[in-house]
Peer 1: 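Below is the structure I would like to discuss, written out as structure tokens.
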Amino acid sequence: MKFEEVKLEELHTEEFINRKTEEISSMVGDGLAVNALSGGVDSSVVTMLAHRALGDRLKSYFIDSGLMRAGEPEHIVGLFKKLGVRVENIDAKKQFFGALKGKTDPEEKREAITQTFYPIVFARLAKKSGATYVFQGTNYTDIEETVAGIKRQHNIIEQLGIDPQEAYGYKIIEPLIQLRKPAIRVIAEALGLPAEIYNRPPFPGPALAARVIGEVTPERVKTVRKATQIVEALLCDTNAFQYLAILHQDRVTGIRNGKRDYGMQIEVRCWDSEDAKTGRPTALPHDILIRLAERITSEVPGVVSVTYNITPKPPSTIEAV
Ligand code: XMP
């Protein structure tokens with residue numbers, strides 16, 4: 001790999017922040033840059049660093065792909081407003097659902113998301129605002145897993161041999177490429193981001209699309225979104241590394257109101273992990289598991305079965321797609 005990892009033990013927080021701010025200023029010069037904020041710790045740190053370096057010459061956008069969790073676009077835009085960073089919400093639901101239509105293969109779905117983010121949504125935003133740079137929160141683990149051929153993280157471009165300048169008309173700046181998550185959380189806190197952001201469980205770039213097996217339609221995302229809300233509410237006090245709901249493609253026979261109901265299945269995953277490279281299923285108390293099943297089957301229309309994944313990573317991965 002072209003980049004050396006900066007390990008948590010070797011990280012000098014203030015020095016890193018100052019160095020990155022200077023690097024960004026000198027790269028962008030008098031130009032303009034755009035940045036897509038998702039509210040995850042990586043993109044939040046990138047937003048703050050770029051805002052420090054560029055002020056008004058940075059345009060930050062929240063891309064509403066239609067794949068985010070309940071209330072997320074408004075919440076994140078509001079949170080950054082309080083921090084003095086103006087973020088514009090861009091409704092790109094049609095583009096994303098259009099690109100995902102009819103696709104069931106995991107890599108094809110990831111590719112559809114990449115092909116919507118870069119050449120369509122980002123390129124339009126860069127063009128509209130006259131920016132020549134786009135920021136991205138790619139981290140060391142994303143690169144490692146993509147290069148190893150495990151999963152194509154949606155934000156990997158140059159490492160796959162694509163020149164963004166040639167392909168899309170802008171350059172990409174990736175200030176966090178040498179860091180893993182624990183180090184990024186330390187930087188987030190030092191930059192004044194709230195605990196809600198720096199302690200945030202990881203959330204994948206393809207968002208809820210990484211948790212829908214089979215075709216990603218607005219209806220199916222609605223189902224997994226509702227289940228996610230319940231899983232997050234019941235598991236947020238567990239101290240687990242990450243917890244999520246997955247919508248399966250296969251249906252199973254259930255019973256509702258004394259009648260056969262051929263319904264949907266939700267799988268719950270809850271992980272103990274340090275850096276997402278490996279993971280173990282959290283030993284959740286039985287009563288929490290039962291509560292998850294009760295709430296999901298009664299509050300998410302059409303779901304008749306809830307399972308808990310007991311497989312470690314590897315051979316599982318954290319997300320399903
Ligand atoms: P996996 O599923 O690869 O996830 O074991 C490792 C960690 O990365 C987070 N994450 C992503 N996962 N595609 C993914 O599959 C992405 O684009 C992505 N971005 C972040 C994932 O949630 C887990 O913490």
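Just so you know, ligand 1 is whichever comes first in the structure, and atom 1 is the first atom listed for that ligand. Here, residue 1 is the first one in the sequence, and each next residue gets the next number.
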Peer 1: Side chains of Gln165 and Tyr133 only: does a donor on one sit below 3.5 Å from an acceptor on the other?
Peer 2: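 No pair is found: no donor N or O on one side chain lies under 3.5 Å from an acceptor on the other.
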Peer 1: Say whether Arg110 and ligand 1 are in contact under the criterion: heavy-atom distance to a ligand atom below 4.0 Å.
Peer 2: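 Judged by the 4.0 Å heavy-atom criterion, Arg110 does count as contacting ligand 1.
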Peer 1: Could you tell me if Arg260 and Thr253 have a donor-acceptor pair between their side chains, going purely by distance under 3.5 Å?
Peer 2: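 Present: a donor and an acceptor within the cut-off.
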Peer 1: Would you mind running through ligand 1 and noting each atom that sits below 4.0 Å from a heavy atom of Gly205?
Peer 2: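 Near Gly205, the atoms of ligand 1 are 16 (C), 17 (O), 18 (C), 19 (N), 20 (C).
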Peer 1: Please confirm whether Arg211 comes within less than 3.5 Å of ligand 1 when only nitrogen or oxygen atoms on both sides are compared.
Peer 2: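 No, since none of the N or O atoms of Arg211 sits under 3.5 Å from an N or O of ligand 1.
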Peer 1: Suppose I only count heavy atoms of Lys313 and a 4.0 Å limit; which atoms of ligand 1 are within that range?
Peer 2: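 Near Lys313, meaning under 4.0 Å from one of its heavy atoms, ligand 1 has 1 (P), 3 (O), 5 (O), 6 (C).
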Peer 1: Output every pair passing side-chain hydrogen bond (donor to acceptor under 3.5 Å, both in side chains) with a member in residues 51-63, not counting sequence neighbours, ordered by first then second residue.
Peer 2: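 Found Asn35-Ser60.
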Peer 1: Under 4.0 Å, counting heavy atoms only: does Pro206 come that close to any atom of ligand 1?
Peer 2: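 Flag set, Pro206 near ligand 1.
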Peer 1: With only distance considered, is Pro202 within less than 3.5 Å of ligand 1 through an N or O on each side?
Peer 2: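 No, Pro202 has no N/O under 3.5 Å of an N/O on ligand 1.
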Peer 1: Do Gln136 and Glu174 have side-chain atoms, one donor and one acceptor, less than 3.5 Å apart?
Peer 2: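 Glu174 and Gln136 do have a side-chain donor-acceptor pair below 3.5 Å.
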Peer 1: Going by distance only, is there an N or O of Gln242 that falls short of 3.5 Å from an N or O of ligand 1?
Peer 2: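 In this structure, Gln242 places an N or O atom under 3.5 Å from an N or O of ligand 1.
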Peer 1: Among side-chain atoms of Asp64 and Asn89, is any donor-acceptor pair under 3.5 angstrom?
Peer 2: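 Absent: no donor and acceptor within the cut-off.
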Peer 1: Heavy atoms only: which of Pro204, Gly40, Pro106, Pro201 lies closest to atom 20 (C) of ligand 1?
Peer 2: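 It is Pro204 that holds the nearest heavy atom.
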Peer 1: When only distance counts, is Ala276 in polar contact with ligand 1, meaning an N/O pair under 3.5 Å?
Peer 2: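 No; every N/O pair is 3.5 Å or more apart.
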Peer 1: Could you tell me whether Glu232 and Arg69 have a side-chain N and a carboxylate O separated by less than 4.0 Å?
Peer 2: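 Answer for the salt bridge query: yes.
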Peer 1: For a quick check under 3.5 Å, do Gln242 and Glu319 share a side-chain donor-acceptor pair by atom type?
Peer 2: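 Yes.
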